[in-house]
*Asks:* 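This is the structure I have questions about; it appears just below.
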Amino acid sequence: MKKLTVVGVIAAFCLAIFGAVAFDRLLRKPAPESSHSLALTDASPKVRFASNEPGAPSFDFREAAKKVIPSVVSIERYERGNTFFSSDNRLDETGQGSGVIFSSDGIVITNNHVVDGAEKVRVRLSDGKSYDATVKGVDPRSDLAVLKISAKALTPIELGNSDTLEIGQWAMAIGNPLGFDNTVSVGVVSSLKRSLPVQGGLLVDAIQTDAAINPGNSGGALTDTAGRLIGINSAIASGTGQSVGIGFAIPVNRVKDAVGDILQYGYARYASLGITNFRRYDGILADPEIRSQIAEITGSKDVPHEGIIVKAPPRSGTTSVLTDGAAASAGIHEWDVLLTLDDTTMTDTLSLNKFLMNKHPGDSVTVKFWSKGQTKRSKVQLGEIRSR
């Protein structure tokens, strides 16, 4: 394929969605072929599907697959460590994922969790040629990484537009699941704008698909029926670690922003309000005792029942408002409560992060907040936070 706990070499996370659901990263060292139980099937049926692309003719997936496969690569991660038979501190392959060729001169996109912690990274093309890769930059916040290999005349993938996606349209996932290179799976866009907290970041407005995605698909392509990239596969929801038809991809429009920033600045740029806030405080304003304590501290009444409290954690040694940030320019102080941004209600850390992930440094927004018994509005210019 402008957050997931690592277990072995598979990154995974758990999130309560209608009960306990395990979200598994898609990074795993390929198992030997003999460990897989394979069932032979007949030759691919000559069935043609009607495209859901506006004005597109009927088609099957063969042409799209031929177009995309040369643009999808295998990523091999190496780390230094001792083995049972040796203590020479040698480099050993510890995981494998997928990647997508972004430019003909050797720029490759993959997930940050595929290369995170690697001492050496190798990229293997669809034709079998292999190259050492340099990590140009990473964006843990969106789980993206940009690599560079010394190869020319590569076949870059065609970029699509994730803003025009519709639920129910066909989607094709291409990568190296379980070590099987150049694997194609087909499904539909199951849902849009899923926001999932993962380790070190947040998948905002993620594309959900039922195209089979398994460990090793991480960083691979999710495309439309024309072979245009619509997302980078990143995570699955599963109780088994394997595909159950719920996979998630980073929208290509977010990929464009992050990769463009990394290539230009060396890091991904995100909008910042200039406050620190923590999930541990989410929802605490619903507690009358908490509101009573804030009223006593601020010497005011009518503390809001909902919003984001601006407060650094105890004994953190830091202030909750950056002195040169947008919040400070708006007159926001510790113990104030953030209510809305551009009339979007701020209920918790996730709602704030979702709003800011869709903004850019320098954008102007209207902030509404409660401060010592008064509700105030102010126009502010968002600052910049670096993800690397």
Side-chain angles (χ1 to χ4, degrees), residues 1 26-27 30 33 43-44 49 51 53 56-57 59-77 96-111 114-115 121-136 144-162 170-187 207 209 211-234 247 249-253 255-256 259-260 262-263:
M1 316 188 298
L26 309 177
L27 176 61
E33 290 190 9
S44 300
F49 297 85
S51 172
E53 304 292 337
F59 69 101
D60 61 21
F61 296 100
R62 288 176 291 184
E63 291 304 315
K66 289 176 184 177
K67 175 181 177 180
V68 177
I69 284 175
S71 302
V72 177
V73 303
S74 175
I75 308 291
E76 298 163 356
R77 185 182 72 187
Q96 187 181 75
S98 303
V100 173
I101 296 173
F102 185 76
S103 67
S104 60
D105 61 352
I107 296 297
V108 174
I109 309 168
T110 187
N111 286 142
V114 170
V115 299
V121 177
R122 283 189 68 80
V123 171
R124 189 173 69 253
L125 305 182
S126 61
D127 62 6
K129 294 179 181 177
S130 187
Y131 300 85
D132 285 343
T134 300
V135 180
K136 296 283 290 182
L144 292 167
V146 177
L147 313 180
K148 178 69 169 67
I149 60 175
S150 297
K152 303 294 183 183
L154 300 177
T155 304
I157 197 162
E158 181 181 354
L159 302 181
N161 181 1
S162 49
W170 290 106
M172 186 172 66
I174 302 171
N176 307 290
L178 305 174
F180 292 99
D181 292 354
N182 306 322
T183 295
V184 176
S185 57
V186 173
I207 303 164
T209 181
I213 297 174
N214 285 289
N217 270 116
S218 271
L222 186 70
T223 75
D224 61 16
T225 55
R228 295 172 297 212
L229 186 71
I230 58 174
I232 296 292
N233 296 317
S234 182
I250 306 160
V252 69
N253 288 3
V255 174
K256 293 174 187 177
V259 173
I262 289 172
L263 293 177

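Atom set for the values below is all heavy atoms of this structure, side chains included, hydrogens, waters and symmetry mates excluded.
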*Asks:* Out of curiosity, S162 OG to L229 CG, how far, rounded to the nearest 0.5 Å?
*Replies:* 9.0 Å
*Asks:* Return the minimal non-hydrogen interatomic distance between G99 and I75, and the atom names on each side.
*Replies:* N-CG1, 3.8 Å
*Asks:* Looking only at heavy atoms, which two atoms of E63 and D60 are closest? And how far apart?
*Replies:* N-OD1, 4.3 Å
*Asks:* For the side chain of D224 and the backbone of G227, is there at least one donor-acceptor N/O pair under 3.5 Å apart?
*Replies:* yes
*Asks:* Locate the shortest heavy-atom distance separating A212 from S185; write the atom from each residue and the value.
*Replies:* O-OG, 2.6 Å
*Asks:* With a 4.0 Å cut-off on N to O distance, would you call D181 and R124 a salt bridge?
*Replies:* yes
*Asks:* Is it the case that the side chain of S104 and the backbone of A153 share a donor-acceptor pair, with hydrogens and angles ignored and the cut-off at 3.5 Å?
*Replies:* no
*Asks:* Can you name the closest pair of heavy atoms from D105 and K148 and give their distance?
*Replies:* O-NZ, 2.9 Å
*Asks:* Above 12 or not: heavy atoms from other molecules or residues under 6.0 Å from NZ of K67?
*Replies:* yes
*Asks:* What I'd like to find out is whether the side chain of N161 reaches to under 4.5 Å of the side chain of N253, using heavy atoms alone.
*Replies:* yes
*Asks:* Can you check whether A145's main-chain N or O pairs, donor with acceptor, with K136's side chain at less than 3.5 Å?
*Replies:* no
*Asks:* What's the separation between atom CZ in F102 and atom CD1 in I157, rounded to the nearest 0.5 Å?
*Replies:* 11.0 Å
*Asks:* Between atom CG of L144 and atom CD1 of I232, what is the distance when rounded to the nearest 0.5 Å?
*Replies:* 7.0 Å
*Asks:* Walk me through it: do L222 and I207 pass the test side chain to side chain contact (heavy atoms under 4.5 Å, CB included)?
*Replies:* CA-CA 9 Å; L222 186 70; I207 303 164; 4.0 Å; yes
*Asks:* Give the C-alpha distance, both sets of side-chain angles, the deciding distance and a yes or no for side chain to side chain contact (heavy atoms under 4.5 Å, CB included) between L147 and T134.
*Replies:* CA-CA 6 Å; L147 313 180; T134 300; over 6 Å; no
*Asks:* Run K256 and L159 through side chain to side chain contact (heavy atoms under 4.5 Å, CB included) and show every step you take.
*Replies:* CA-CA 9 Å; K256 293 174 187 177; L159 302 181; 4.0 Å; yes
*Asks:* So how far is it from I213 CD1 to S234 OG, rounded to the nearest 0.5 Å?
*Replies:* 9.5 Å
*Asks:* Does A211 offer a backbone N or O that forms a donor-acceptor pair with the side chain of T209 under 3.5 Å?
*Replies:* yes
*Asks:* Do T110 side-chain atoms and G219 backbone N/O form a donor-acceptor pair below 3.5 Å?
*Replies:* no
*Asks:* What's the spacing between T183 OG1 and I69 CD1 if we round to 0.5 Å?
*Replies:* 8.5 Å
*Asks:* Which heavy atom of I149 sits nearest a heavy atom of D132, and at what distance?
*Replies:* CG2-O, 3.8 Å
*Asks:* Apply side chain to side chain contact (heavy atoms under 4.5 Å, CB included) to residues I174 and M172 and explain how you reach the verdict.
*Replies:* CA-CA 7 Å; I174 302 171; M172 186 172 66; 3.6 Å; yes
*Asks:* Would you give the length of the straight line joining atom CG of L178 to atom CG of N214, rounded to the nearest 0.5 angstrom?
*Replies:* 5.0 Å
*Asks:* Backbone N or O of N182 within a donor-acceptor pair of the N176 side chain at under 3.5 Å?
*Replies:* yes
*Asks:* Whether the R228 and T223 side chains hold a donor-acceptor pair (N or O, under 3.5 Å, no angle test) is what I'd like checked.
*Replies:* no
*Asks:* Side chains of V146 and V108, heavy atoms from C-beta outward: is any pair under 4.5 Å?
*Replies:* no
*Asks:* So which of V72, I109, L125, I107 actually passes side chain to side chain contact (heavy atoms under 4.5 Å, CB included) with I101?
*Replies:* L125
*Asks:* For the side chain of S74 and the backbone of Q96, is there at least one donor-acceptor N/O pair under 3.5 Å apart?
*Replies:* no
*Asks:* List the atom of L154, the atom of G106, and the distance in Å for their closest heavy-atom pair.
*Replies:* CD1-CA, 3.7 Å
